[in-house]
Amino acid sequence: MTAPSDIAETRERRMEEFEAHAADFIRYLAGVRNLSPNTVRAYEGDIGAYCSWLRREGADPLGITHRELRRWLAEQSRARYAASSVDRRLSAVRDLYRWLVREGITDKDCAAALASPKKAKTLPRTMDAASVDRLLDTCDVTTPEGLRDRCFIELLAATGSRISEASGLDVGDVDMARRQVRLFGKGSKERIVPIYEAAIETTERYVGAARPKLLARAKAGSKAGDALYVSTRGNRMSADALRTVFERHVRLAGLDPTLTPHAMRHTYATELLSNGADMRSVQELLGHANLSTTQIYTHLSVERLKDATRQAHPRAE
């Protein structure tokens, strides 16, 4: 008969081995799949939370049962995690077990048959043209910071870029002559997005006048490099710093304080589809891997048409 201490020791050893494999998987995501740092951190947090649960439950990570995994999901629901958060954690765990099978570490894909929780259908937040104009008007273009902020918000509106993509922009990524911007999306996938004249003019003014002043003010040893958006200390502005800039101008404009930079991306996509752009083109401009991700914006376009009909049709009452 196996002693309890031997059982505990075996369980601990298996758990440590599983955690080591999980760490290898995270390194694979960063080094081989070349996922963004934010995505890698999300995987790391979700898988770390799963490993903590395995330890608390004393479950065998490579022999976990369907019932145990259902209990794991149920615990998260009882803790009132959003369905999207639970689905993201489940997706991370599924990817981990799939990788373990592919690497020959186990022949049992424990999470493959586990269904995702149903998510409430919500449409993305968008902004109307008047709100975007109000946002732009809060930027004091007589100052280097204000002109930088105007350039940032204008290019968000013109490209539908993610905030991380905006942070990663270099001066050379904006081709003034060809009126286009080169963006690097998830997995460092490159795409070219054409932009309108007003965005070009604002960017030229910022790069020619405001950016050099920001760099001149900076202390020696600043790390801006070729970064398009430069802080007052002369460094590349992070996604968090740009997000703070956006939130400040939302407050100044008196708009809904829950609006985020991603609302500009949703607005960009909806406007394109509402004005006749085809789905495949919008998919390419947004950098979506799957067309299904882009299709949600067709619902937004239909809703806007319904609203217009209700407001304008004489028999809508």
Side-chain angles (χ1 to χ4, degrees), residues 36-38 127 129 131-186 188-253 255 259-265 267-268 285-287:
S36 71
N38 287 341
M127 301 169 65
S131 296
V132 175
D133 286 341
R134 284 168 61 185
L135 199 59
L136 289 166
D137 288 343
T138 61
C139 302
D140 181 1
V141 295
T142 64
T143 68
E145 294 91 338
L147 191 50
R148 177 200 62 202
D149 295 353
R150 172 100 185 192
C151 174
F152 160 58
I153 295 171
E154 191 80 76
L155 281 183
L156 277 185
T159 63
S161 60
R162 302 175 179 92
I163 193 70
S164 58
E165 294 170 347
S167 172
L169 279 173
D170 287 340
V171 173
D173 291 328
V174 185
D175 190 330
M176 311 291 186
R178 295 182 179 179
R179 290 173 169 73
Q180 63 188 32
V181 175
R182 179 176 56 184
L183 295 169
F184 292 91
K186 294 181 178 179
S188 295
K189 291 180 181 177
E190 179 183 332
R191 68 185 189 278
I192 302 296
V193 179
I195 57 176
Y196 48 76
E197 187 63 31
I200 287 292
E201 291 175 357
T202 302
T203 305
E204 284 180 330
R205 287 174 60 197
Y206 164 64
V207 172
R211 186 177 179 276
K213 289 179 181 178
L214 289 170
L215 289 172
R217 286 188 202 164
K219 296 178 180 178
S222 64
K223 300 177 182 178
D226 294 325
L228 178 60
Y229 301 123
V230 178
S231 71
T232 52
R233 295 184 177 181
N235 298 319
R236 179 186 294 275
M237 295 185 72
S238 67
D240 285 340
L242 291 175
R243 193 175 288 109
T244 299
V245 165
F246 185 87
E247 291 169 353
R248 182 173 71 249
H249 287 287
V250 165
R251 289 194 301 272
L252 290 172
L255 300 175
L259 285 170
T260 67
H262 220 64
M264 298 287 277
R265 180 170 167 83
T267 300
Y268 172 81
L285 289 168
L286 291 173

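Numbers for residues simply follow the sequence, beginning at 1. Model, not experiment: these values are computed from the prediction. Because only heavy atoms are used, hydrogens play no part in the values below, and waters and symmetry mates are left out as well, while side chains stay in.
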Taking Arg243 first and then Asp240, would you say they form a salt bridge - that is, a charged N and a carboxylate O separated by under 4.0 Å?
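Between Asp240 and Arg243 there is a salt bridge, with a charged N closer than 4.0 Å to a carboxylate O.
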If you compare all heavy atoms of [X] against all heavy atoms of [Y], which two are closest, and at what distance to 0.1 Å?
{"X": "Ala199", "Y": "Thr203", "value": "O-OG1, 2.7 Å"}
{"X": "Cys139", "Y": "His249", "value": "SG-CE1, 3.7 Å"}
{"X": "Tyr268", "Y": "Leu286", "value": "CD2-CD2, 3.8 Å"}
{"X": "Leu285", "Y": "Arg191", "value": "O-NE, 2.7 Å"}
{"X": "Leu255", "Y": "Ser131", "value": "CD1-O, 3.7 Å"}
{"X": "Ala157", "Y": "Tyr196", "value": "CB-OH, 3.7 Å"}

With side chains defined as the heavy atoms from C-beta onward, is the minimum distance between [X] and [Y] less than 4.5 Å?
{"X": "Val171", "Y": "Tyr206", "answer": "no"}
{"X": "Leu155", "Y": "Cys151", "answer": "yes"}
{"X": "Val230", "Y": "Arg148", "answer": "no"}
{"X": "Leu214", "Y": "Glu145", "answer": "yes"}
{"X": "Val132", "Y": "Met264", "answer": "yes"}

Does any N or O in the side chain of [X] come within less than 3.5 Å of the main-chain N or O of [Y], such that one atom is a donor and the other an acceptor?
{"X": "Arg265", "Y": "Leu156", "result": "no"}
{"X": "Ser231", "Y": "Met237", "result": "no"}
{"X": "Thr138", "Y": "Leu135", "result": "yes"}
{"X": "Arg162", "Y": "Gly185", "result": "no"}
{"X": "Arg150", "Y": "Asp140", "result": "no"}

Could you measure the distance from the [atom1] atom of [X] to the [atom2] atom of [Y]? Nearest 0.5 Å is fine.
{"X": "Asp137", "Y": "Ile153", "atom1": "CG", "atom2": "CD1", "value": "10.0 Å"}
{"X": "Ile195", "Y": "Thr159", "atom1": "CD1", "atom2": "OG1", "value": "8.0 Å"}
{"X": "Ser167", "Y": "Leu228", "atom1": "OG", "atom2": "CG", "value": "10.0 Å"}
{"X": "Ile163", "Y": "His262", "atom1": "CD1", "atom2": "NE2", "value": "10.5 Å"}
{"X": "Arg134", "Y": "Leu252", "atom1": "CZ", "atom2": "CG", "value": "11.5 Å"}
{"X": "Leu183", "Y": "Glu165", "atom1": "CG", "atom2": "CD", "value": "5.0 Å"}

Should we say atom CZ of Arg248 is surrounded by more than 12 heavy atoms from elsewhere, each under 6.0 Å from it?
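Atom CZ in Arg248 is packed in, count exceeds 12.
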Pairs where residues 194-216 contributes a residue and the test salt bridge (charged side-chain N to carboxylate O under 4.0 Å, His left out) is met, not counting sequence neighbours
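Pairs touching residues 194-216 that pass the test: Arg179-Glu197.
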Worked verdict on Arg178 versus Ile192 for side-chain contact (heavy atoms from CB on, under 4.5 Å):
CA-CA 11 Å; Arg178 295 182 179 179; Ile192 302 296; over 6 Å; no
Once ring pair (Phe, Tyr, Trp, His ring centres under 6.0 Å) is applied, do any residues pair with Tyr229, and if so which ones, sequence neighbours excluded?
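Partners of Tyr229 by the ring pair (Phe, Tyr, Trp, His ring centres under 6.0 Å) criterion, ordered by chain and then number, come out as Phe152.
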Passes side-chain contact (heavy atoms from CB on, under 4.5 Å), Asp170 versus Asp173? Steps please.
CA-CA 5 Å; Asp170 287 340; Asp173 291 328; 3.6 Å; yes
